[in-house]
Amino acid sequence: MVSRVIPVESFDLVIFGGTGDLARRKILPGLYRRFLAGQMPKDARIIGAARSELDDDGFRALIRESIEEFVPEKKRKPKTVDAFLAQLHYTPIDAKGSGGWETLAKLVRKDVVQAFYFSVGPSLFGDLATRLHKHKIATPDSRIVVEKPFGRDLESAKALNAVLADSFDEHQIYRIDHYLGKETVQNLMAVRFANMLFEPLWNAQYIDHVQITVAETVGVGGRGGYYDKSGAMRDMIQNHLMQLLCLTAMEPPSRFDPDAVRDEKLKVIRALDPVPSENIVRGQYAADKDQASYIEHSENPASKTESFIAMKVDISNWRWKGTPFYLRTGKRLKGRMSEIVVQFKDVPHSIFEEDAGSKANVLAIRLQPDEGMDLRVTIKEPGPGGMRLVDVPLDMTFADALGPEGADVPDAYERLIMDVIRGNQTLFMRGDEVEAAWAWTDPIIEGWQNRGDKPVQYEPGTTGPEDALMLLHRDGRRWREIK
Ligand SMILES: NC(=O)C1=CN([C@@H]2O[C@H](COP(=O)(O)OP(=O)(O)OC[C@H]3O[C@@H](n4cnc5c(N)ncnc54)[C@H](OP(=O)(O)O)[C@@H]3O)[C@@H](O)[C@H]2O)C=CC1
Ligand SMILES: O=C1O[C@H](COP(=O)(O)O)[C@@H](O)[C@H](O)[C@H]1O
């Protein structure tokens, strides 16, 4: 199977924070892969901008190192790397001062797509937007790409939306949630809305519950300072898991276009019930033999921030009333695994013996690793032993089903940046969506802060605190294994 690469229009993409970790690890290696795939026009330009006093050659040398480190060897063709680097430029700039802005104004072309990626700390997002406007660099068609975190509560998110709105219209603002760029997340929409099979059953009448797990093996590492002010709720639930929940729970949009999809997601967020404390489990990873504990990583001995959270979420609408969504995410867990599991109900009446072994259907949508889907169905166990039932997987690992092209899916950032250049906002969060997500999250966080709740300790390399298992056990359910 040959995947179609549709080249985008020519562009100038300015990456503020072009020398930073995200740019070097994800954004520029991703753009190199798009160049290699033939999607980036030969006269497109990528302009790094940060305070460091580099010139074009210095920036190219830095990004050559990034490509060597973050792009697999088989994709690093020397001539292609050189050709890609020739399209890179650099200009020093201070987001908070006046230095560099006049030069940038002269550098950026007005007759191609203009995009400005804010890959700097969130305290600089407003400064960048204001200066782009003040120095008349941006045009009414320019796009700005805003990294996470988008605020840390409703008030700060509203303030940031307001400051961006002073200089840019909503159709110019691309708020990144990189989970929306993951191939399987988009496939969730294809599975739901391009097949007749699932949608008629996709409701509380036929679905017992949904589990969304994003498990990581890494700890907070060098990001302890940021993470301790954030925690799993702000870092993962408010954005990535919320988006996965929305795409799973939303009504079919009338079209696959930005506002139709985002309107439906917004309705889901607004239908989420407040979550009582008994439906939330928070944990912090302890030390193990050669690795520091969360407390050591965060350098805050009194920290009450969670590195793990599990919660039961109810949605008050006709489709989902009575079908809980269990969310779980944490660091230093047993495995790296992100998946959405849709657990169907048992058949209403079994015609087989009670001990025949019938099991309810399960649809598991794997985001990572081994992107794909797995539907468990019950069949007769082969052989002459009577009507014994067994559940078997209808496994669709993309790499197996689609050949090498299926395994070679673009990374989330590359996909999303190409969408920015194409001017497609479908996989980006709208301002009201982000605010609604904070409006749901804030009272939950305030609840545990007001009560002074402390997270429980959990052993690294496990599935998190025991209490998280109990959250489902007490409802007669169990989590899927983290592998
Ligand atoms: N790293 C990651 O994995 C992820 C990061 N993000 C988000 O991406 C953004 C960038 O993160 P990350 O790359 O890790 O951060 P880094 O601290 O690694 O990089 C920050 C960048 O901003 C530049 N910078 C800092 N101050 C200024 C200034 N006053 N004017 C112009 N440039 C400035 C720095 O260069 P210089 O010092 O030369 O100015 C550097 O290029 C953040 O909002 C973060 O939350 C989101 C998800 C994951
Ligand atoms: O945004 C974030 O996501 C990563 C997990 O992303 P993934 O693509 O590797 O699953 C998480 O580690 C980080 O804490 C968070 O800020």
Side-chain angles (χ1 to χ4, degrees), residues 14-30 47-54 58-59 62-63 66 70 90-101 104 116-128 131-132 145-152 160 175-185 212-244 294 297 305-309 329-333 335-339 366-369 371 411-416:
V14 178
I15 306 177
F16 293 110
T19 57
D21 175 70
L22 183 68
R24 283 185 288 115
R25 219 160 33 83
K26 291 282 185 187
I27 302 173
L28 282 144
I47 303 165
R51 287 169 307 178
S52 303
E53 288 293 335
L54 294 176
F59 185 56
L62 186 76
I63 303 311
S66 299
F70 299 112
Y90 182 85
T91 189
I93 210 149
D94 183 359
K96 282 194 161 310
S98 53
W101 289 96
L104 184 66
F116 301 93
Y117 198 128
F118 294 4
S119 182
V120 292
S123 64
L124 300 179
F125 295 164
D127 292 306
L128 290 176
R131 280 169 178 72
L132 282 170
V145 184
V146 187
E147 257 303 331
K148 71 170 281 203
F150 198 94
R152 55 172 282 107
L160 180 53
R175 296 173 192 79
I176 281 242
D177 183 315
H178 78 276
Y179 266 61
L180 288 176
K182 290 189 189 270
E183 191 70 10
T184 324
V185 174
I212 302 178
T213 296
V214 178
E216 298 185 90
T217 51
V218 292
V220 296
R223 294 171 71 218
Y226 149 77
Y227 193 91
D228 202 48
K229 294 191 196 73
S230 171
M233 186 71 180
R234 287 191 172 99
D235 187 49
M236 296 295 288
I237 299 271
Q238 186 272 347
N239 39 79
H240 306 324
L241 279 88
M242 172 78 81
Q243 290 296 322
L244 300 182
Y294 175 79
H297 275 145
T305 301
E306 73 288 348
S307 61
F308 174 97
I309 187 163
T329 182
K331 299 207 181 276
R332 297 284 281 121
L333 297 179
R336 177 173 184 256
M337 186 196 88
S338 300
E339 67 173 17
R366 293 190 302 276
L367 271 58
Q368 57 198 29
E371 291 134 328
D411 169 69
Y413 282 94
E414 1 177 342
R415 153 86 206 215
L416 291 174

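Ligands are counted one by one from 1 in listed order, and the atoms in each one are counted from 1 as well. Given the structure is predicted, the values throughout are model-derived calculations rather than measurements.
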### Message
Could you work out, for atom 9 (C) of ligand 1, the closest of Val120, Leu128, Ile15, Leu22 by heavy-atom distance?
### Response
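It is Val120 whose heavy atom sits nearest to atom 9 (C) of ligand 1.
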Among all protein non-hydrogen atoms, which one is nearest to [atom], and what is the separation to 0.1 Å?
atom	value
atom 23 (C) of ligand 1	Gly17 CA, 3.9 Å
atom 44 (C) of ligand 1	Lys148 O, 3.5 Å
atom 6 (N) of ligand 1	Glu147 OE1, 3.8 Å
atom 3 (O) of ligand 1	Arg25 NH2, 2.5 Å
atom 30 (N) of ligand 1	Ala95 N, 2.8 Å
atom 14 (O) of ligand 1	Asp21 CB, 3.6 Å
atom 41 (O) of ligand 1	Thr19 OG1, 2.7 Å
atom 29 (N) of ligand 1	Asp94 OD1, 3.1 Å

### Query
Pick one: which of Tyr117, Trp101, Phe125 meets ring pair (Phe, Tyr, Trp, His ring centres under 6.0 Å) with Phe16?
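The ring pair (Phe, Tyr, Trp, His ring centres under 6.0 Å) with Phe16 is passed solely by Trp101 among Tyr117, Trp101, Phe125.
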### Query
With backbone taken as N, CA, C and O and side chain as the heavy atoms from C-beta onward, which portion of Phe150 lies under 4.0 Å from ligand 1: side chain, backbone, both, or neither?
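No part of Phe150 is near ligand 1 at this cut-off.
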### Task
Answer with side chain, backbone, both or neither: which part of Arg51 has a heavy atom less than 4.0 angstrom from an atom of ligand 1?
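It is both parts that get close, each with some atom under 4.0 Å.
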Of all the atoms in ligand 1, which lie at a distance below 4.0 Å from a heavy atom belonging to [X]?
X	result
Ser119	9 (C), 10 (C), 21 (C)
Ser52	36 (P), 38 (O)
Leu124	26 (N), 27 (C), 28 (C), 29 (N)
Pro122	43 (O)
Pro149	45 (O)
Ile93	30 (N), 31 (C)

Is there a side-chain contact between [X] and [Y] (heavy atoms, below 4.5 Å)?
X	Y	result
Arg24	Ile63	yes
Phe59	Leu28	yes
Leu124	Lys96	yes
Met236	Tyr179	yes
Asp127	Val120	no

Look only at the side chain of [X] and the backbone of [Y], and say whether a donor-acceptor pair between them is shorter than 3.5 Å.
X	Y	answer
Thr329	Val214	yes
Gln368	Ser338	no
Arg234	Pro149	no

### Query
Asp235 and Tyr226: side-chain donor and acceptor closer than 3.5 Å?
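There is such a pair (donor and acceptor under 3.5 Å, judged by atom type) between the side chains of Asp235 and Tyr226.
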### Query
Taking atom types as modelled, is there a side-chain donor on Glu147 or Ser119 under 3.5 Å from an acceptor on the other?
no
### Task
Using the six-membered ring wherever Trp is involved, compare the ring planes of His240 and His178 and label them parallel, tilted or perpendicular (cut-offs 30° and 60°).
perpendicular
### Query
Do you see a protein non-hydrogen atom under 4.0 Å from atom 17 (O) of ligand 1?
no
### Task
Step by step, work out the side-chain contact (heavy atoms from CB on, under 4.5 Å) result for Leu132 and Phe116.
CA-CA 9 Å; Leu132 282 170; Phe116 301 93; 3.7 Å; yes
### Query
Does Lys148 NZ have over 12 foreign heavy atoms under 6.0 Å away?
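Yes - once you tally the heavy atoms of other residues, nucleotides and ligands closer than 6.0 Å, there are more than 12.
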#### Entry: Min N/O separation Phe125 to ligand 1 under 3.5 Å
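Among all N and O atoms of Phe125, none is under 3.5 Å from an N or O of ligand 1.
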### Query
Name the residues in contact with ligand 2, where contact means a heavy atom under 4.0 Å away: which are they?
Lys148, His178, Tyr179, Lys182, Glu216, Arg223, Asp235, Met236, His240, Lys331, Arg336, Gln368
### Query
Passes salt bridge (Lys or Arg N to Asp or Glu O under 4.0 Å), Glu216 versus Lys331? Steps please.
CA-CA 5 Å; Glu216 298 185 90; Lys331 299 207 181 276; 2.7 Å; yes
### Message
Check for me whether Tyr226 has a heavy atom closer than 4.0 Å to any atom of ligand 1.
### Response
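Checking ligand 1 against Tyr226, which is what was asked, there is no heavy-atom contact under 4.0 Å.
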### Sequence-distant partners of Ser52, side chain to side chain contact (heavy atoms under 4.5 Å, CB included), two or more places apart
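Side chain to side chain contact (heavy atoms under 4.5 Å, CB included) check on Ser52 returns Thr19, Leu54, Tyr90.
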